[in-house]
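Here's the structure we're looking at; comments come further down.
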Amino acid sequence: MTADRLISSPLIQTDTDIAIVGAGLAGTLAACVLGRAGYHVTLIDRHLLFPQEFRVEKIGGDQIEKLRRLGLLDPLSAAAIAFDEIVNIRAGRVLDRTYARHYGILYNDLVAAMRAQLPETVRFVVGQVDGVKTSTSRQRIAILGHGEMTARLLVLATGMGDILGRDLGISRKFIRPRQSLTFGFNLRPAGAKRFKHTALTYYGERVSDGIDHLSLFPASDIIRANLFLFRDHRDPWAKAFRERPKETLTAALPGLVNTFGDFEVIGRIDSWLSDITVAEKCRREGVVLIGDAYQTSCPAAGTGVSRLLTDVERLCTAYVPQWIAEDSMTAAKIATFYDDAQKQEMDERALQLADYRHDLTTETGLKWTTRRQFHFARRRVMHGIDKLSPALADRWRQLKIAT
Ligand SMILES: Cc1cc2nc3c(=O)[nH]c(=O)nc-3n(C[C@H](O)[C@H](O)[C@H](O)COP(=O)(O)OP(=O)(O)OC[C@H]3O[C@@H](n4cnc5c(N)ncnc54)[C@H](O)[C@@H]3O)c2cc1C
């Protein structure tokens, strides 16, 4: 991003095609896609550099293909650490191995890599938006210390803490308050030069621990750990983990040192208690919500980025061109984005996966105990078949998908 596109002086009555408030991952990607399509975009964020806040740190699965389709995979692969194998462990034994491209990267580095892709058509304004007003023709955006600007369309990509929506009568429905707790921290090997595996996922062993999984992977020049669990941040286990991370973790996952190697926890421990929320009363003229500003996700299910990528792709390629070509931004027009079949399917899948991960990890009734045993037993059996005959394992997987 060049200095001439960075506005920090007072900005009075400036008009633009599209104003995007929030330059986290969702807002920055949307600005890249719309800017490349030739629209005049103003992207506004209160921070020039995204602060070191804890969010997604591992990109993989459908997220890679979606980024490729948006033409934004290359900046990720240039900035992140790529790895192709994850060893999956439960109860000290290998469950199976995942062979697929993944990228490890800290969130502020990810956002910086994407902001560096903003084309000339995008102006980046550093400032806090403190008021918005919308109509079918012009949207008004007040930026603290900069004055007011107008736009044909306002995109709110303000993340989970969005308060601007309230000005417009948009509220948030709490679907799963305090749904999960996530810790992020760094590891270094103890007593050896390196760990036994590049990346490892270790699933929780006892339902009473509430641990979904611990994900260990390279990011920047460190080994990063993301621990996903279903507990309240005030409970004694969480407190003990913050005070004695290694002892508390190895007591819950006794096979960890044996399978990954001895380790020390270094640096600060990040933590985040996630609510699952969805925006309500958001079918309004002139404004559209994307990313966490629309719906938050369970970090353990790993769907937040898939969701926001679907939002960006569908909004920027299927709806904005038509909306901008026509005269007015009616609420009915905006609603077509929220009713988009692909978006609705993705949003619904994210909610279902959040419930599934929660229940698979914590439920003690017969139904879920059996399901849990079957889930992990099936993965072990598939891994065994894979080793004997990969072709047979593939056929079985296809059969499972077809049924
Ligand atoms: C701990 C944790 C772990 C996660 N792990 C995963 C994972 O493994 N896999 C996965 O897919 N997803 C994961 N997620 C979810 C994923 O990180 C989020 O879905 C994604 O980061 C949301 O991006 P966003 O752009 O919508 O919001 P954000 O990145 O939060 O960006 C919002 C931006 O809006 C700006 N802003 C807000 N209000 C204003 C204002 N008034 N004026 C100006 N600027 C404003 C903020 O400064 C910020 O830059 C995780 C989330 C958390 C919290």
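All values below come from the heavy atoms of this structure, side chains included, with hydrogens, waters and symmetry mates left out. Residue numbers start at 1 and run along the sequence shown. Counting starts at 1 for both ligands and their atoms, in listed order.
If you check which protein heavy atom lies closest to atom 34 (O) of ligand 1, you get G22 CA, 3.2 Å. Among all non-hydrogen protein atoms, the one lying nearest atom 28 (P) of ligand 1 is Y107 OH, 3.8 Å. Closest to atom 27 (O) of ligand 1, if we only count protein heavy atoms, is G159 CA, 3.5 Å. Considering only non-hydrogen protein atoms, atom 49 (O) of ligand 1 sits nearest to D45 OD2, 2.5 Å. The single protein non-hydrogen atom nearest to atom 31 (O) of ligand 1 is G24 CA, 3.4 Å, given as residue, atom name and distance. Protein heavy atom closest to atom 52 (C) of ligand 1, with residue, atom name and distance, is R55 CA, 3.7 Å. Nearest protein heavy-atom contact of atom 44 (N) of ligand 1 is R46 N, 3.3 Å. Here the protein heavy atom with the shortest distance to atom 25 (O) of ligand 1 is A26 N, 2.9 Å.
Counting heavy atoms under 4.0 Å from ligand 1, residue T296 does not touch it at all. Residue contacts with ligand 1, taken as heavy atom pairs separated by less than 4.0 Å, do not involve E53 at all. Residue E57 does not touch ligand 1, judged by heavy-atom distances below 4.0 Å. Neither the backbone nor the side chain of N226 has any atom closer than 4.0 Å to an atom of ligand 1 (non-hydrogen atoms only). Only the side chain of W272 comes within 4.0 Å of ligand 1, counting heavy atoms alone; its backbone N, CA, C and O stay farther away.
The distance criterion of under 3.5 Å between nitrogen or oxygen atoms is met by G304 with respect to ligand 1. Checked against a 3.5 angstrom limit, the closest N/O atoms of D292 and ligand 1 fall inside it.
Using the six-membered ring where Trp is involved, F260 and F195 have ring planes that are parallel, under 30° apart on the 30 and 60° scheme. The aromatic rings of W237 and F241 sit parallel to each other, their planes meeting at less than 30°, with 60° as the upper class boundary.
Side-chain contact of T296 with D275: a donor-acceptor pair under 3.5 Å is absent, judged by distance alone. Remark: the Y356 side chain and the H375 side chain contain an N/O donor-acceptor pair separated by less than 3.5 Å. Of the N and O atoms on the side chains of K66 and T310, at least one donor lies less than 3.5 Å from an acceptor on the other residue. Under 3.5 Å, the side chains of Y39 and R152 contain no donor-acceptor pair of N or O atoms.
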- Task: Report the C-alpha distance between R224 and N186 in whole Å, list the side-chain angles of each, state the deciding distance to 0.1 Å, and finish with yes or no for side-chain hydrogen bond (donor to acceptor under 3.5 Å, both in side chains).
- Result: CA-CA 5 Å; R224 192 69 178 153; N186 299 339; 2.8 Å; yes

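Ligand 1 places these atoms under 4.0 Å from at least one heavy atom of Q128: 41 (N), 42 (N). The distance from ligand 1 to the heavy atoms of G291 drops below 4.0 Å at these ligand atoms: 26 (O). Short contacts between ligand 1 and H47, defined as distances under 4.0 Å to a heavy atom of the residue, involve ligand atoms 47 (O). Annotation for ligand 1: atoms under 4.0 Å from non-hydrogen atoms of T303 are 11 (O). Each of the following atoms of ligand 1 lies closer than 4.0 Å to a heavy atom of Q63: 11 (O).
For Y294 and F337, the ring centers sit 6.0 Å or farther from each other.
Of the listed options L308, L25, V126, L164, L308 places a heavy atom closest to atom 20 (C) of ligand 1. Scanning D311, V305, L43, V56 for the heavy atom closest to atom 8 (O) of ligand 1 points to V56. Taking only non-hydrogen atoms, the option from T182, I20, I163, V129 nearest to atom 42 (N) of ligand 1 is V129.
Residue contact check for ligand 1: A157 places a non-hydrogen atom closer than 4.0 Å to it. Close to ligand 1: G127, with a non-hydrogen atom less than 4.0 angstrom away.
Ionic pairing of R283 and D339 is present here: one or more N-O contacts between side-chain nitrogen and carboxylate oxygen are shorter than 4.0 angstrom. Contact check on E363 versus R371 returns no salt bridge, with no Lys/Arg side-chain nitrogen under 4.0 Å from an Asp/Glu carboxylate oxygen. Classification of R69 and E313 as a salt-bridged pair holds, one side-chain N sitting under 4.0 Å from a carboxylate O.
Rounding to the nearest 0.5 Å places CG of N108 at 10.5 Å from CZ of R55. Atoms CE and CG, from M346 and L308 in turn, are 9.5 Å apart once rounded to the nearest 0.5 Å. Distance check: R234 CZ to K239 NZ gives 14.0 Å after rounding to the nearest 0.5 Å.
Judged by the 6.0 Å and 45° rule, K246 forms a cation-pi pair with F263.
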